[in-house]
Amino acid sequence: MEEAKVTPWEVTGEVDYDTLIKEFGTSKITPSILESIKKHSKKLHYMLERGIFFSHRDLDIVLKEYSEGKKFAIYTGRGPSGDTHLGHMIPWIFCKWLQDAFNVDFYFMITDDEKFLCKKDLTLEQTNKLAYENALDIVALGFDPKKTFIFADTDYMNQLYKIALPIAKRVTASQAKAVFGFTNNTNIGMYLWPAIQAATCFLPSVLTGKKIRTLIPAAIDQDPYWRIARDVAPKLGFPKTAAIHNIFLPSLKGPQGKMSTSEGNEATIFTTDDEKTVKKKINKYAFSGGRDTLEEHRKKGGNPDIDMSYQWLTFFEEDDKKLKKIYDDYKSGKLLSGELKAILIKKVNTFLKQHQKNREKAKKLLPKFILKD
Ligand code: TYM
């Protein structure tokens with residue numbers, strides 16, 4: 001098996017999430033943390049119940065402070081290197097639930113500067129345009145415009161730079177090399193970059209003049225930034241940022257790596273894909289845990305644990321009962337591979353149909369959400 005590698009720019013191999021918790025020094029989400037969340041939210045989001053959000057930093061502290069009447073702010077983001085794909089939506093869907101459950105502010109950073117620096121073929125004009133395209137996917141999820149703040153870095157840099165500089169001053173090149181894998185060939189813009197992504201951890205405190213802890217829902221690939229932010233926070237007089245990490249929506253092609261556009265677009269499902277395209281991609285690329293022949297499948301059953309259509313349904317089918325029935329029927333051989341794919345196609349297309357309608361409406365609403373210098 002290919003050795004797993006997880007960095008903010010690349011995820012390869014089959015990720016063992018328990019190993020990653022140890023390597024990154026984060027904590028597993030325990031039943032007692034879930035209980036504390038439930039005290040405030042009444043119900044748990046299915047992504048918490050299913051372990052899609054599996055790891056954290058200081059979530060227990062965030063919850064304790066919240067029960068003492070201290071509000072936190074949510075922070076997450078997007079690197080606009082292309083259209084939004086379904087993997088990106090995982091933390092964002094969860095953020096929407098968090099905002100509703102805890103009634104908190106939400107900050108969304110779109111890193112047109114980062115993607116310009118790290119992607120050879122993209123111009124700043126392109127990444128900035130993509131930033132506002134990607135922002136539509138956030139607005140489409142129904143966030144509260146009074147409590148949601150979206151910005152593209154190059155249009156908000158005056159504010160960010162002042163927070164980033166004191167961070168940058170406290171991080172050496174050798175730390176950046178160790179944490180992010182930078183080399184002598186990495187451009188110098190990237191050496192400053194982690195201080196900018198970390199700056200938003202403290203933005204809510206700066207804007208409100210109060211000490212507001214941020215909670216960052218994101219896949220675990222982004223965690224290295226929070227190590228830097230947490231390291232410098234006490235030195236700058238800010239609360240240490242907290243994080244809650246999700247696992248990766250796998251590639252349709254199989255459990256190696258994550259759903260990503262780096263390997264090409266053919267097996268990636270974008271929020272802008274039409275019904276036919278979704279159907280074609282899933283039918284052609286979704287790795288099947290079915291048997292070679294119909295007869296064998298009926299007799300021995302399929303393997304949902306390696307079947308990407310089933311795995312994807314664990315991310316998108318909210319109804320536990322429905323999901324369990326699909327699992328059991330597939331395992332017993334009652335449900336065929338093609339039928340399972342058809343269930344996923346329907347699920348994704350139903351979600352996207354509504355999302356695309358909301359995305360159209362979002363074009364008008366967008367200005368209400370945008371922060372600019
Ligand atoms: P980006 O654009 O690579 O990813 C955006 C968000 O999507 C998550 N993600 C995934 N989650 C589940 N399954 C996948 N296959 C998958 N692929 C990506 C990422 O973890 C991320 O949460 N540098 C950042 C932008 C950024 C940011 C942040 C992200 C700035 N500040 C704070 C998270 C939190 C980036 O390029 O993300």
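Atoms within each ligand, like the ligands themselves, are counted from 1 in listed order. Count residues from 1 along the sequence.
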Given Gln222, His88, Arg78, which has its nearest heavy atom closest to atom 2 (O) of ligand 1?
Arg78
Heavy-atom nearest neighbour of atom 5 (C) of ligand 1 within options Gly79, Pro217, Gly77
Gly77
Side chain, backbone, both or neither: which part of Pro91 has a heavy atom under 4.0 Å from ligand 1?
side chain
Ligand 1 contact on Ile220 by region, counting heavy-atom pairs under 4.0 Å:
neither
Taking it one step at a time, do Asp320 and Arg50 satisfy salt bridge (charged side-chain N to carboxylate O under 4.0 Å, His left out)?
CA-CA 9 Å; Asp320 288 335; Arg50 291 182 195 163; 2.7 Å; yes
Does the pair Lys39/Glu35 count as a salt bridge with the N-to-O cut at 4.0 Å?
no
Numbering the atoms of ligand 1 from 1, which are under 4.0 Å from a heavy atom of Thr111?
25 (C), 30 (C)
Atoms of ligand 1, numbered as shown, that sit under 4.0 Å from any heavy atom of Asp221:
19 (C), 20 (O)
Can you confirm whether Thr272 sits close enough to Arg359 that some side-chain heavy atom of one is under 4.5 Å from a side-chain heavy atom of the other?
yes
Sub-4.5 Å side-chain heavy-atom contact between Ile196 and Leu192:
yes
Kindly state whether the ring of Phe94 and the ring of Phe53 have centres lying under 6.0 angstrom apart.
yes
Before we go on, tell me: are the rings of Tyr107 and Phe149 under 6.0 Å apart, centre to centre?
yes
So is there a nitrogen or oxygen of Leu249 less than 3.5 Å from a nitrogen or oxygen in ligand 1?
yes
